[in-house]
Amino acid sequence: MTRLRPEDVDLTTVLADAHLDNPVMTASGCAASGRELHQFFDVAELGAVVTKSIMRDPRSGRATPRMAETPSGMLNSIGLQGPGIDSFLATDLPWLLQRDARPIVSIAGGSLGEYAELARRVGNTPGVAAIEVNISCPNVENRGLVFACDPFQAARVLAVVRRDTPRGVPVFAKLSPDVTSIVEVAAAVMEAGADGLVLINTLLGLHIDPATLRPSLGGVTGGLSGPAVKPVALRAVWQATQALPSVPVIGVGGIRTGADALEFLAAGASAVQVGTAIFNDPGAPVRVIRELRQELAARGIAKVSEVVGRAHPSLHPPSP
Amino acid sequence: MTRLRPEDVDLTTVLADAHLDNPVMTASGCAASGRELHQFFDVAELGAVVTKSIMRDPRSGRATPRMAETPSGMLNSIGLQGPGIDSFLATDLPWLLQRDARPIVSIAGGSLGEYAELARRVGNTPGVAAIEVNISCPNVENRGLVFACDPFQAARVLAVVRRDTPRGVPVFAKLSPDVTSIVEVAAAVMEAGADGLVLINTLLGLHIDPATLRPSLGGVTGGLSGPAVKPVALRAVWQATQALPSVPVIGVGGIRTGADALEFLAAGASAVQVGTAIFNDPGAPVRVIRELRQELAARGIAKVSEVVGRAHPSLHPPSP
Amino acid sequence: MTPVSAEATTPRGPLQVEGEVFSIKRVGDYFHLTVVADGIAERARPGSFVALSVGGPISGALLRRAFSIYRVRPAGVYGGTVEIVFAAHGPGTTWMAQLSPHDPVNVVGPLGHPFAQPLEPVSCALVGGGYGSAPLFALAERLRERKCAVHMVLGAATESRLFGTLEAKRAAQSVTVTTVDGSVGIKGLVTDPLPALMTRNGIEVVYSCGPMGMLRAVTEVATAHGAWSQTAVEESMACGIGVCMTCVVPVVGDDNVTRMVRSCVDGPVFAGDRVRWDDIGTVPAGTHGAPRPGRPR
Amino acid sequence: MTPVSAEATTPRGPLQVEGEVFSIKRVGDYFHLTVVADGIAERARPGSFVALSVGGPISGALLRRAFSIYRVRPAGVYGGTVEIVFAAHGPGTTWMAQLSPHDPVNVVGPLGHPFAQPLEPVSCALVGGGYGSAPLFALAERLRERKCAVHMVLGAATESRLFGTLEAKRAAQSVTVTTVDGSVGIKGLVTDPLPALMTRNGIEVVYSCGPMGMLRAVTEVATAHGAWSQTAVEESMACGIGVCMTCVVPVVGDDNVTRMVRSCVDGPVFAGDRVRWDDIGTVPAGTHGAPRPGRPR
Ligand SMILES: Cc1cc2nc3c(=O)[nH]c(=O)nc-3n(C[C@H](O)[C@H](O)[C@H](O)COP(=O)(O)OP(=O)(O)OC[C@H]3O[C@@H](n4cnc5c(N)ncnc54)[C@H](O)[C@@H]3O)c2cc1C
Ligand SMILES: Cc1cc2nc3c(=O)[nH]c(=O)nc-3n(C[C@H](O)[C@H](O)[C@H](O)COP(=O)(O)OP(=O)(O)OC[C@H]3O[C@@H](n4cnc5c(N)ncnc54)[C@H](O)[C@@H]3O)c2cc1C
Ligand SMILES: Cc1cc2nc3c(=O)[nH]c(=O)nc-3n(C[C@H](O)[C@H](O)[C@H](O)COP(=O)(O)O)c2cc1C
Ligand SMILES: Cc1cc2nc3c(=O)[nH]c(=O)nc-3n(C[C@H](O)[C@H](O)[C@H](O)COP(=O)(O)O)c2cc1C
Ligand code: FES
Ligand code: FES
């Protein structure tokens with residue numbers, strides 16, 4: 001066998017209508033809009049840059065403290081601080097496009113109307129590779145219940161976003177793991193028209209301040225992320241792709257290395273996102289691309305698509 | 001202020017009808033029936049020894065590998081290997097009682113009938129401090145769905161166990177965090193007659209073997225435990241005690257130190273269990289008791305009961 | 001007199017460097033750590049900081065720890081070095097205190113918006129609380145190069161928590177020391193001697209670094225004397241590079257609008273009178289994008 | 001001839017000891033680590049193991065790593081020591097390979113059921129694969145004290161993965177070495193020379209430690225020659241002390257019933273002919289408590 005060289009591995013990835021050079025993205029909220037990371041590497045090297053979830057209006061976010069470190073992870077309660085869609089479309093998105101980056105824009109809303117408006121405005125901007133729909137937001141019209149926790153409400157959001165997003169711009173639903181059956185929510189949003197799934201958003205957690213014995217975070221509870229949640233994220237990807245084998249899935253949760261990325265691909269993801277690991281290593285996303293090439297080459301796998309779903313015995317019977 | 005000495009802190013704890021010397025227990029499945037740990041410390045020093053969930057019949061458990069290490073945690077898929085109730089009552093329970101330990105017996109079943117039988121046999125054995133009901137088991141009569149994931153099925157189990165357990169022996173329901181609303185399940189089991197809650201059991205996770213790119217565990221998915229899950233466990237305790245302030249809660253998930261135990265008490269737990277940390281430090285449960293005394297003394301808190309629920313602003317307004 | 005941002009010097013922007021411990025020494029209650037980390041010295045400016053990873057190769061602590069740069073030396077015999085002064089506080093810094101020469105240590109830096117420096121040769125007070133004095137020495141040097149008069153006020157709870165009192169004598173025209181317990185210097189807070197010192201020396205800019213409470217009090221004194229204040233704040237940071245939005249403080253902009261501003265890139269140094277000290281830990285009403293009453297978030 | 005358990009020696013039972021690295025040396029592809037850990041030496045028996053915590057004070061790796069005890073020295077000038085030989089395999093052992101003298105290392109041990117030793121002075125073969133030879137030297141010493149003849153067979157993939165070939169010459173009447181690549185000794189597996197060696201020396205007990213596949217093959221040879229076999233298995237262990245049930249292997253009891261048996265306390269040494277080698281990684285049908293067909297678990 002002639003040894004496969006890392007640089008010869010084909011990393012190109014197709015996610016519904018989105019064609020990417022490689023399957024590695026930033027995770028929403030962990031890379032702002034790419035500008036700061038551009039000091040450490042060229043953002044055009046990434047499969048895509050997923051931007052911080054943008055809302056219609058400017059938003060101050062929650063009170064500090066907004067973070068607490070936890071074993072192999074962290075909690076955050078940012079509360080979706082952001083400049084609002086006008087400023088985003090005027091400044092952040094053009095910056096990414098000028099650098100030849102592939103932007104996937106994450107949108108978040110408090111009502112179906114907000115989601116629809118965001119979908120129209122983002123979807124009609126040339127150069128947007130896809131829309132990621134963050135449904136882990138309280139539904140203003142429904143007692144503040146989080147859309148992602150109810151398959152019916154989640155599906156309504158996706159139906160509206162798909163309806164108002166131009167054809168050719170794929171729409172991905174980002175799901176919360178804090179549900180009894182992620183497969184049920186996944187099936188509901190796919191049924192409603194989503195083109196794929198992003199799994200997973202953070203887990204709900206709490207941190208107690210040892211000095212005051214009160215919750216540390218300004219927002220009381222926060223979202224748990226980082227390597228600590230990797231087993232939960234892998235499980236969600238595996239369950240969703242086992243139940244819905246043809247659905248494109250983007251895996252996220254605790255990815256730090258190319259080996260981690262490979263595990264998500266094997267579990268069924270077609271692409272991956274790097275989030276909290278960036279805080280430890282600002283160069284993590286490009287390092288993950290490099291390491292993924294090496295992991296694939298070392299196994300003699302010439303195309304990344306070949307490894308997607310390997311962990312599913314029913315879909316990929318072991319070679320004899 | 002005269003300094004409070006650790007040995008003068010009052011750790012006595014009341015959980016429904018169970019009176020304990022201190023609030024620190026082993027977690028079910030992480031201490032077998034106490035015998036092995038007795039090589040490292042006297043099991044009578046613990047508030048209680050919670051035994052490995054026992055089923056009616058002997059049980060081989062799942063195929064190996066049964067564990068995988070994960071960042072700050074581990075996955076297990078033991079599959080409730082155990083000797084069955086006859087052997088347990090003949091050997092393990094008498095051993096604990098002879099050592100003056102306080103046994104809390106964890107029971108698990110595949111049907112309501114099994115739970116009822118276990119409740120009767122365990123509940124009628126003198127010396128049992130309480131019954132802990134592990135409902136994270138597939139329901140044989142209901143398509144193998146896990147009891148803990150459905151408030152209605154969970155409540156049915158607790159109703160049957162409470163009915164068949166003698167008065168005076170409290171019954172605790174151990175809940176799974178893998179649900180959309182743990183408060184809903186908590187309310188349902190309390191309504192059905194449970195005397196208190198144990199929060200939390202493991203989170204469902206997956207590990208991929210880097211060599212084969214297949215799931216590592218014989219049982220495919222496994223339960224995530226250890227410090228990685230502490231923020232999720234604290235959140236569950238906080239949510240449940242916020243919604244049901246008068247319910248006794250035993251906190252479990254990632255506790256390693258006295259400071260961790262204190263955080264659970266502040267979040268609303270009246271007692272705590274030490275699980276996976278034992279695998280790192282076989283003396284962890286008694287060390288946690290010692291450290292908890294120190295933490296309380298350093299804060300001038302003379303009775304452990306005073307600290308329970310401190311993190312709830314509504315229940316404990318901050319002193320001026 | 002308006003302080004302006006330090007001049008743009010090339011090379012710019014932060015680096016990530018796998019460095020190596022050159023030396024680590026106890027200094028009172030603190031540790032003085034020198035790390036060989038090429039390229040950082042050349043880019044550092046007074047007030048910028050570095051972020052170190054902690055816990056080693058299989059660390060359970062994911063986030064970097066932020067430390068003000070005390071001193072740098074550009075590449076020479078030993079490669080460029082960067083020096084910090086830290087307190088062993090929680091698990092991460094306790095781990096750092098166990099480092100030995102040649103141990104690897106990963107550094108990201110220099111980070112943050114540094115101290116603005118005056119164009120004219122004015123009189124400056126540099127006020128440091130505890131290890132907060134560390135970044136003031138490089139600042140003092142730059143100010144003296146600009147022919148500014150430099151007066152230092154160093155305070156701490158007790159003598160062992162003071163850093164650099166001896167070095168301050170070389171760095172400044174005058175040095176005033178305060179301790180809460182009176183173990184050395186004036187018994188009290190840095191703000192006790194500050195007003196008289198400002199009047200006496202015609203101070204036009206007050207620089208400060210230390211606990212939030214001190215920064216606020218120093219700013220009050222400075223403002224009351226009509227002086228500019230430059231404060232280096234310390235807010236919990238997850239990324240240190242501006243991407244996570246955890247490190248925000250409410251700051252009033254030129255347009256008089258309060259914004260939740262990132263202290264890692266827009267700070268850590270802010271004009272003291274722009275920070276809403278009383279409202280730290282809240283989102284003050286009227287902040288840009290703050291929740292409007294009656295609308296659930 | 002029936003091997004019986006090693007005599008009960010007081011003190012008994014495992015300890016948890018905060019030890020200290022005495023020395024660490026490279027030996028071929030392995031590391032030879034000596035730890036000062038009082039009390040363990042006195043309790044250790046050939047075939048027992050220790051479990052070390054890895055990663056330091058803020059480690060993200062919670063579980064201990066298990067290693068056969070190579071050698072012990074009871075408390076003397078330096079306090080009691082325990083020695084292991086390990087391969088830097090994954091993150092935990094890679095971290096261990098970076099240890100230096102005086103570094104702290106937490107040890108639990110001795111753990112596990114040791115090699116059973118014959119009462120009569122019989123002829124024994126000791127077969128080690130890779131670092132699996134490490135526990136055989138202490139065993140050889142005890143066997144020689146019991147006037148047993150000791151023949152050693154050490155095998156590995158290649159020369160650098162052999163451990164203790166020189167020491168074996170002192171420890172045994174005969175030493176046979178095999179390597180898969182033929183870099184030293186006989187080209188092949190330990191089971192290639194074993195049958196002839198057994199016949200030649202009238203071997204009655206075969207001890208083995210190494211990869212599962214080797215243990216199984218050695219057991220087959222031993223059984224074919226009517227000899228007893230004692231095998232030290234290596235199964236993933238979460239606790240090492242018998243409380244978690246992760247480390248089970250299917251073993252046939254005296255009652256001919258197969259049970260899933262803990263290799264940390266009931267092993268790691270099992271009579272080779274009692275282990276259902278083919279069924280490792282499964283719960284064989286008929287195992288005590290195995291799922292019955294048609295009943296979901
Ligand atoms: C810009 C800046 C400059 C600093 N300069 C210095 C310095 O020169 N010398 C020094 O000793 N310390 C300095 N600090 C504080 C230092 O970062 C903390 O003491 C350190 O992070 C504590 O880590 P730990 O693991 O010991 O504590 P832990 O409590 O275990 O830390 C847990 C988490 O909280 C964060 N955290 C805890 N305390 C602080 C704090 N005070 N500020 C920010 N984050 C915190 C940590 O980074 C970590 O993510 C500075 C902080 C900032 C933001
Ligand atoms: C009774 C016994 C004796 C052993 N004796 C030795 C010895 O003398 N020398 C030596 O080099 N190795 C020995 N091993 C194997 C050694 O425990 C593993 O190589 C080590 O645990 C790997 O840790 P890691 O962090 O490098 O690998 P990782 O793959 O990161 O380990 C991840 C997890 O899997 C477990 N694990 C991984 N490989 C093994 C394995 N082969 N056996 C058991 N658990 C494993 C680890 O303990 C850890 O919990 C022994 C194992 C057992 C059970
Ligand atoms: C500080 C922070 C901010 C985040 N903000 C968002 C967000 O705006 N929208 C979103 O969909 N997810 C957000 N997330 C979740 C991440 O995109 C990701 O789903 C999660 O952190 C798990 O991946 P990780 O472990 O790699 O970080 C945020 C996570 C962090 C840590
Ligand atoms: C190896 C292992 C076996 C377990 N077995 C049981 C069990 O039999 N019954 C049960 O209710 N919980 C069981 N658990 C869950 C623990 O009791 C506990 O709820 C969980 O591990 C979280 O706590 P920890 O992080 O302290 O381990 C088991 C956990 C582990 C790691
Ligand atoms: S620390 Fe992340 S934005 Fe400032
Ligand atoms: S490793 Fe836990 S029982 Fe054997």
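All heavy atoms count here, side chains included; hydrogens, waters and symmetry mates do not. Letters A, B, ... mirror the listed sequences (proteins, then strands); counts begin at 1.
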Contact list (residues 48-55 of chain D to chain B, heavy-atom gap under 4.5 Å, by number) returns D/Ser53

Those residues of residues 246-273 of chain D that come under 4.5 Å of chain B on a heavy-atom basis, listed by number, are D/Thr246, D/Val248, D/Met260, D/Arg262

- If we only count heavy atoms from C-beta on, is the B/Pro282 to D/Val108 side-chain gap below 4.5 Å? yes

Most heavy-atom pairs under 4.5 Å with chain D, out of B/Ala228, B/Ala277, B/Ala31, B/Gly29, belong to B/Ala31

On a heavy-atom basis, the closest approach of B/Pro58 and D/His288 is CB-NE2, 3.5 Å

Minimal heavy-atom distance between B/Phe279 and D/Cys239, with the atoms involved, is CD2-CB, 3.5 Å

Of the listed D/Ala61, D/Gly242, D/Pro14, D/Cys244, the one with the largest count of heavy-atom pairs under 4.5 Å with chain B is D/Pro14

In short, D/Leu62 meets B/Pro227 closest at the heavy-atom pair CD2-CD, 3.6 Å

**OP:** Tell me, yes or no, whether the heavy-atom count around D/Arg161 atom CZ, taken from other residues, nucleotides or ligands under 6.0 Å, exceeds 12.
**Re:** no

Expected output: side-chain B/Glu69 to main-chain D/Leu63 donor-acceptor under 3.5 Å
yes

Per-residue tally against chain B (heavy atom, under 4.5 Å) across D/Ile280, D/Val283, D/Asn106 peaks at D/Val283

Residues D/Ala290 and B/Ser60: closest non-hydrogen pair is CA-OG, 3.3 Å

Counting heavy-atom pairs under 4.5 Å with chain D, the top scorer among B/Ser77, B/Pro65, B/Cys30, B/Gly218 is B/Cys30

The reported gap from CG in B/Asn280 to CD in D/Gln16 (rounded to nearest 0.5 angstrom) is 7.5 Å

Note: D/Leu15 and B/Phe40 closest approach over all heavy atoms is C-CE2, 4.1 Å

In short, D/Gly13 meets B/Gln39 closest at the heavy-atom pair CA-NE2, 4.1 Å

If one checks every heavy atom of B/Thr70 against chain D at 4.5 Å, the contacting part turns out to be backbone

Under 4.5 Å to a heavy atom of chain D? For B/Arg256 that would be side chain

